[in-house]
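To keep things clear, I will list the structure first and then write my remarks on it.
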Amino acid sequence: MKHRLTLFFVISFLLPFSIWAQVLTPGTTSGFPGTQNPNDRNGFPNPATQNNQGKSKGPQKSGRAALDDSTKQVYGPSTMYYVHESDVVNSREMKRRVDTTLSLFHRYLFQEKSGFLTANLGNDGTAVRNVFFQSPGSLGTQLGYSVYSPYAFQSDQVRYYNSKSPYSEVEYNLGGGGQTRLNFNFARNVDSLWNIGIALQRMVADKVLTDAAFKSGEQSLLGQWGLLLHTNFQSKNKKYRLLGHINYFDQGTNDQGGVKLSKTLTADEALKYIDNTAILSNSLSQSNDKFIKFHAYHEYVGWKGLQLFQSLDVENRTVKFRDKAFQQSLTDGFYPRTYIQYIQAPTEDSLYNENQWSSYSHQTGLKGIYKQFVYRTYLKQRYWSVYNPMNESKLDRFENYVGLWINQSFNQNIDFTAEGEYLLGSDYRLKASFQSPIFQVSAQRISYSPSVAQNWVYNTSYRWKNDFANISMDEISGGIILKSRFIYFKPGITIQRISDWVYFDSLATPTQTKSDIGVFRTSVDLGGQWRKFSWFTKVYANTQTGPDVLRMPNLLIDANLALDVQYKKLLYVQFGIDIHHQSAYYADAYQPALQQYHLQNNYQIPAFVQIDPYVSLRINRVRLFFKMSHANYGLLNNNYYTAYLHPAMSRVFGYGVKWLLFD
């Protein structure tokens, strides 16, 4: 089997090379597509003529001095752009610019950047979940241990630059609870056709609950590394294009389990204090999620209406959890059962869960453009395997997909898109959408496989091997867009029907529903700008029918008000305030041994309001912000839980800086 797989991937990768040999021939264009620059020097401005505009005004500078003078005046946000892979795959000529505005720059935490549509365990970098149900991004069997994956670099968001000059981006954020993030990006053009780059991120956070390590001075809750190497190339005749990246991620967390309650300390009482004891108080529990991914996309344009494309993906991942104090945690009721038949655990790692995941896939197909019609059709093949060292067993599967994507543009603002993908004998996705300046609507139907975590787990406290049916979902969503010079109004609606839903019950055991779940969610996006003031309010109202196994708040509000001030065209200042509200509901509990959120019926998390005043500044190409998060702590309410027994951060001060360099 292994030899056949190896031969299969080698052939699928080498087949297009017979065509590529005809591609790398001299062309007549260079630099940015569609531009003609008299000073063009393989896409780079000529520093010897840039300042003089073709006229001689005395002796010319030469060497490094000329280069320095020119780069300070020429290179900047408007001379570079980047694309996402989807822009290239869908044959959309887009030049995305680097954001230099102050709009929502102060939102540096992950849940803030999502518009508070995600939640965690109180600290940035902890296990993530969606507040509202989201359809899966891909078909086929997934590992299912994904609460840390959103913090990693996302393949569909990788920026492939055409930077002309060397480009650097440095960002540093520091918030209460030790929530610290450092991001560094660098990209440069080797020549006008080839760009390389690197992105690095580091995140750490401190504990907010007391445990044995905290008392001894070890406050670290988590540490995270992310590394991205990326490159893109286009031949001179623009017939061949390559995008690729290597993505590395490593997350380590010292799990605490939440607030430890007692007869005298209830969940409500615990919100009044900031020095609560952790459930896993022995500091002997730890999670780790580590992966490395390789991705490459390349295409050959034979004719505009007939193009060959291919993408390749390789992933290796290891997910681990250990609790050396399993017996004590079992006695405290944090774990439901034990499969150890002895009084004492036979090994030091008395609860250990590990999954070693590998996947290999390629997608090969044809695409093309005819007038304003774009199509893409493909064959995808994927092999995945997962190994559990606890019982030395393995699951694997070879999957074959076919897909079609079409887009018809009627003008710049009106288009229709339809797509379908089918995993032979199993999953499928059908989706269509229409977009115009006045309204937009989309409909989709999905049937997808349960994850490995839902079907197969083997460790000291959790064991199952299920054969759940596919989960299916129908969704219709749409909205109207009304706007004038000073205000916009965007009401929307989402209707979902979920069948055969697989959830984790109050004992963190997977169960599949027999009845359908209905979700009806309306939204209103209202905002505008008047003189120096800008504002927006997003309101989500959610109702459900069917079995109560998918918990979501009935009401969520996210609002912002800002005042922009300019001083002598040098200093730009924005004063503002964020307001976030969420209604009461039975939010899920979290089980770190499985990386799963699961139902709990013990405590309804109270409704809360959080107010965050801030000030942001921009001086040239440097932006800064200063922010007081949860400024109303102790006024309108004491605190709130982001998940069951996991309190949010109390009133804390945060600041950040972001610096863009173009030489």
Side-chain angles (χ1 to χ4, degrees), residues 1-13 135-147 149 155 247 289-296 310-320 353-365 378-404 419-430 445-459 462-473 499-504 509-512 594-596:
M1 180 65 179
K2 291 184 178 179
H3 295 294
R4 286 189 302 224
L5 286 172
T6 302
L7 180 62
F8 164 75
F9 283 106
V10 169
I11 292 175
S12 66
F13 180 78
S135 61
S138 57
L139 302 182
T141 302
Q142 307 299 321
L143 181 58
Y145 296 83
S146 57
V147 293
S149 299
S155 293
N247 187 359
D289 189 351
K290 181 187 297 185
F291 68 70
I292 184 167
K293 300 179 181 180
F294 167 78
H295 173 80
Q310 185 182 60
S311 64
L312 302 170
D313 288 276
V314 179
E315 177 184 2
N316 282 287
R317 184 178 177 197
T318 301
V319 179
K320 300 178 182 179
N353 192 46
E354 179 178 348
N355 287 274
Q356 300 173 12
W357 167 271
S358 297
S359 68
Y360 313 88
S361 68
H362 85 92
Q363 184 181 117
T364 304
Y378 59 86
L379 165 69
K380 177 181 175 182
Q381 294 179 302
R382 174 176 179 249
Y383 172 77
W384 62 263
S385 67
V386 59
Y387 173 73
N388 188 331
M390 292 296 295
N391 61 349
E392 298 183 342
S393 58
K394 176 181 177 181
L395 294 179
D396 63 352
R397 185 179 178 185
F398 190 83
E399 300 173 337
N400 292 285
Y401 303 75
V402 292
L404 175 67
E419 63 179 295
E421 186 176 59
Y422 177 48
L423 167 58
L424 302 184
S426 183
D427 305 10
Y428 64 86
R429 180 199 304 270
L430 297 172
R445 178 171 176 80
I446 304 174
S447 176
Y448 62 98
S449 301
S451 67
V452 172
Q454 292 169 335
N455 266 336
W456 184 53
V457 165
Y458 186 96
N459 59 50
Y462 299 94
R463 292 184 186 179
W464 54 77
K465 194 166 186 179
N466 301 314
D467 187 19
F468 289 133
N470 272 19
I471 304 165
S472 60
M473 185 201 73
S499 302
D500 299 311
W501 174 243
V502 177
Y503 64 96
F504 286 81
T509 302
T511 305
Q512 189 161 42
L594 302 171
Q595 281 196 18
Q596 302 295 330

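All values below come from the heavy atoms of this structure, side chains included, with hydrogens, waters and symmetry mates left out.
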Smallest separation among heavy atoms of [X] and [Y], with atom names:
X	Y	result
Gln356	Pro389	NE2-CG, 4.3 Å
Val457	Tyr462	CG1-O, 3.5 Å
Asn455	Asp467	OD1-N, 3.7 Å
Ser449	Thr141	CB-OG1, 3.8 Å
Leu430	Gly420	CD2-CA, 4.1 Å
Ser149	Asp289	OG-OD2, 4.4 Å

Spacing of [X] atom [atom1] and [Y] atom [atom2] [to the nearest 0.5 Å]:
X	Y	atom1	atom2	result
Arg445	Met473	CZ	CE	9.5 Å
Arg397	Ser385	CZ	OG	13.5 Å
Gln595	Asn353	CD	CG	9.0 Å
Gln363	Leu379	CD	CG	9.0 Å
Asn247	Glu315	CG	CD	9.0 Å
Arg317	Lys290	CZ	NZ	13.0 Å

[X]: side-chain hydrogen bond (donor to acceptor under 3.5 Å, both in side chains) partners, not counting sequence neighbours:
X	result
Ser499	Arg497, Asp516
Thr318	none
Trp357	none
Asn466	none

Phe291 six-ring centre to Lys293 NZ/CZ under 6.0 Å and within 45° of normal: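 Checked: cation-pi criterion met.
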
Tell me, please, which residues at least two apart from Trp501 pass ring-ring contact (aromatic ring centres under 6.0 Å, His included).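 With neighbours one apart ignored, the set is Phe133.
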
Going by ring-ring contact (aromatic ring centres under 6.0 Å, His included), name the residues that satisfy it together with Tyr145, two or more places apart in sequence or in a different chain.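 Applying ring-ring contact (aromatic ring centres under 6.0 Å, His included) to Tyr145 gives none.
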
With sequence neighbours excluded, what pairs up with [X] under the side chain to side chain contact (heavy atoms under 4.5 Å, CB included) test?
X	answer
Gln142	Ser138, Arg382
Tyr422	Val402, Leu424, Tyr428
Asn391	Asn388, Ser393, Trp456, Tyr458
Phe294	Ile246, Ala296, Val314

4.5 Å side-chain heavy-atom contact, Met390 and Glu354: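 Of all side-chain heavy-atom pairs linking Glu354 with Met390, none is under 4.5 Å.
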
Result of checking Asp396, Val386, Asn316 against Ser358 for side chain to side chain contact (heavy atoms under 4.5 Å, CB included):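 Going through the options one by one, the only one that passes is Asn316.
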
Would a distance-only check, ignoring hydrogens and angles, find a side-chain to backbone donor-acceptor pair under 3.5 Å from [X] to [Y]?
X	Y	answer
Trp464	Ala453	yes
Gln512	Ala469	yes
Gln596	Gly144	yes
Asp313	Ser361	no
Ser451	Gln454	yes

Before giving the answer on side-chain contact (heavy atoms from CB on, under 4.5 Å), spell out for Leu395 and Lys465 the whole-Å C-alpha distance, their side-chain angles and the decisive distance to 0.1 Å. CA-CA 11 Å; Leu395 294 179; Lys465 194 166 186 179; 4.2 Å; yes

For Arg429, check salt bridge (Lys or Arg N to Asp or Glu O under 4.0 Å) against everything at least two apart and list the hits.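 Result, salt bridge (Lys or Arg N to Asp or Glu O under 4.0 Å) vs Arg429: none returned.
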
Which residues pass the salt bridge (Lys or Arg N to Asp or Glu O under 4.0 Å) test with Arg463, not counting sequence neighbours?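 Per chain and number, Arg463 pairs via salt bridge (Lys or Arg N to Asp or Glu O under 4.0 Å) with no residue.
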
Modelled atom types, side-chain donor and acceptor of Asp500 and Asn470, under 3.5 Å: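 No, because no side-chain N or O of Asp500 sits under 3.5 Å from a partner of the opposite role on Asn470.
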
